[in-house]
2 protein chains.
Amino acid sequence: MDQTIHLAIVEDDNEIRQALCMIIDGSPGFTCKYAFPDGESALASIGNLPVDIVLMDIDLPGKSGIEVTRKLKSENPEIDFIMLTVQSDDDSIFKSLCAGASGYLLKETSPSNLLDHIREVYMGGSPMSSKIARRIINSFRVIQNPLSNREMEILEMLGQGLNYKDIAKDIFLSPHTVKTHIKNIYSKLHVKNRAEAIYKAIKQNLI
Amino acid sequence: MDQTIHLAIVEDDNEIRQALCMIIDGSPGFTCKYAFPDGESALASIGNLPVDIVLMDIDLPGKSGIEVTRKLKSENPEIDFIMLTVQSDDDSIFKSLCAGASGYLLKETSPSNLLDHIREVYMGGSPMSSKIARRIINSFRVIQNPLSNREMEILEMLGQGLNYKDIAKDIFLSPHTVKTHIKNIYSKLHVKNRAEAIYKAIKQNLI
DNA sequence: GCATCAATCGCCCAAAAGAGGTATTTCCAA
DNA sequence: TTGGAAATACCTCTTTTGGGCGATTGATGC
């Protein structure tokens, strides 16, 4: 069987990209035949390439590495993504993991550390700090919310199974108004009824 | 301000319980005034006690530590739980974290490691191995499912916003039958309409 | 063999929801 | 200051839901 781990790199800095590529390609058990300087070219190619793991720079020009990862991961769930960052910024690491990354690496990581990390991800792990771990455990992916406060309030009540009248009573509104809000919720979430609204809202972690 | 970390212990082995208690209570910054030999007594008391962190043995006689944690955590989300295990069994650790635990400790852990671990959890971290981390990232809590396959199938369609007729068409049934299934879903989930059904189903990870 | 349950189909009827409008006020930002 | 959300309120109309009934079939289990 082929134990070699096949990598691709997405990194705009030529020097870093080539250096990483050389380190990896020069190590037994690793190969790195593909390297991209930006998200667009990566998006166009990586889906069709025989790669196990993609090293993805977070700070790419244009589309951010997180966005590129989200897209690629959703289309190629079998590929693992390791994010590259200059400094360990909790928030972007967290976002990366939620976007589908399996790990992250600081750019100044030593070559042996780098290879260890890659191996660990390849073996099905997700090395992460305990702070990040907690955030992953607690919440899960928070997507930007198109709904107003009022709409959120009403949406939650829909999830409790309340009808127009009960919601209206609870928040001292006319049922007509509640109805209007709900209609607006539907249009913002692009759904056509309560069940679908709740489904979508939860899947996007609105509630 | 009071920087002392207040702990409680749930552990059936007298020796271990007392040893842990003494180690913790003897360390500056830590106090452990409460110790329980089983889940039942812990369930009865811990909700009313001023504790920050509970050390919970997984292998308790009677109710498992995981179950006890699930229950206590849902009623006292402000308390953190650290599971104690004899050996690092991926699966039960994973289940523990899903039940609401924030960390786990091997019983043979050294005292200084123990205190470090507790401190880390207290500071909002969740120390975990990379294997566990990946499992947490990927899936999330699977609860036992009271619904039949047919009901699940229909429930998912409800989430897509389909109505009786459309569902019936899709799965080649009479709309009456679909209605009956949905009624049964309601009764099993203890809900009264679609929105609430979807909400509850997702929250319990049925869909 | 009997109980139970999942799955299937049906009817009636009241309540609720959803799809169209229209319209006023408030408040914030450009 | 003007334009645009957001929040508020109302109307009409059709469609959909959900509750309350009953009933048959087939599989599974004790």
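Chain identifiers are assigned alphabetically (A, B, ...) following the order of the sequence lines, protein sequences preceding nucleic acid strands; residue numbering begins at 1 within each chain. Computation of the quantities below employed the complete heavy-atom set of this structure, encompassing side-chain atoms and omitting hydrogens, waters and symmetry-equivalent molecules.
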Looking at residues at least two apart in the chain, or sitting in another chain, which of them share a side chain to side chain donor-acceptor pair (under 3.5 Å) with Glu196(B)? none
According to side chain to side chain donor-acceptor pair (under 3.5 Å), who are the partners of Glu67(B), at least two apart in sequence or on a separate chain? Arg70(B)
What is the distance from CG of Asn184(B) to C1' of dC9(C), rounded to the nearest Å? 13 Å
Using whole Å, report how far CG of Asn149(A) lies from C1' of dA6(D). 10 Å
For DNA chain D, what residues of residues 167-177 of chain A have any heavy atom nearer than 4.0 Å? Leu173(A), Ser174(A), His176(A), Thr177(A)
Can you list the residues that meet the side-chain contact (heavy atoms from CB on, under 4.5 Å) rule with Gln18(B), with sequence neighbours excluded? Asn14(B)
Which whole-number value in Å describes the distance from Glu151(A) CD to dT8(D) C1'? 13 Å
Is the shortest side-chain N to carboxylate O distance from Arg17(B) to Asp57(B) below 4.0 Å? no
What pairs with Asp116(A) under salt bridge (Lys or Arg N to Asp or Glu O under 4.0 Å), at least two apart in sequence or on another chain? Arg119(A)
Starting from P on dA17(C), measure out to CD1 on Ile154(A) and report it in whole angstrom. 13 Å
How would you list, by chain and number, every residue that makes a side chain to side chain donor-acceptor pair (under 3.5 Å) with Lys188(B), sequence neighbours excluded? Glu151(B)
Does a nitrogen or oxygen in the side chain of His181(B) sit under 4.0 Å from OP1 or OP2 of dA6(C)? no
Just jot down the salt bridge (Lys or Arg N to Asp or Glu O under 4.0 Å) partners of Glu153(A), sequence neighbours excluded, or say none. Arg150(A)
Rounding to a whole Å, what distance do you find between Leu162(B):CG and dT16(D):C1'? 13 Å
Let me know the distance between CZ of Arg150(B) and C1' of dG26(D), rounded to the nearest Å. 15 Å
Pairs satisfying side chain to side chain donor-acceptor pair (under 3.5 Å), at least one member in residues 35-44 of chain B, at least two apart: Asp38(B)-Ser41(B)
So, Tyr186(B) side chain and Arg194(B) main chain: donor-acceptor pair closer than 3.5 Å or not? yes
Contact state string [nucleotides 18-30 of chain C, B base, S sugar-phosphate only, - no protein heavy atom under 4.0 Å]: BBBB---------
Run the side chain to side chain donor-acceptor pair (under 3.5 Å) test against Ser64(A) and tell me which residues pass, sequence neighbours left out. none
Between P on dT17(D) and CD1 on Ile198(B), what's the gap in Å once rounded to a whole number? 12 Å
Hits for side-chain contact (heavy atoms from CB on, under 4.5 Å) against Lys165(B), two or more places apart or cross-chain, chain-then-number order -> Asn163(B)
Between the opening five pairs and the closing five pairs of the helix from dG1(C)-dC30(D) to dA30(C)-dT1(D), how far apart are the helix axes, to 10°? 70°
Length of the line joining Leu147(B):CG and dC5(C):P, which is rounded to integer Å: 15 Å
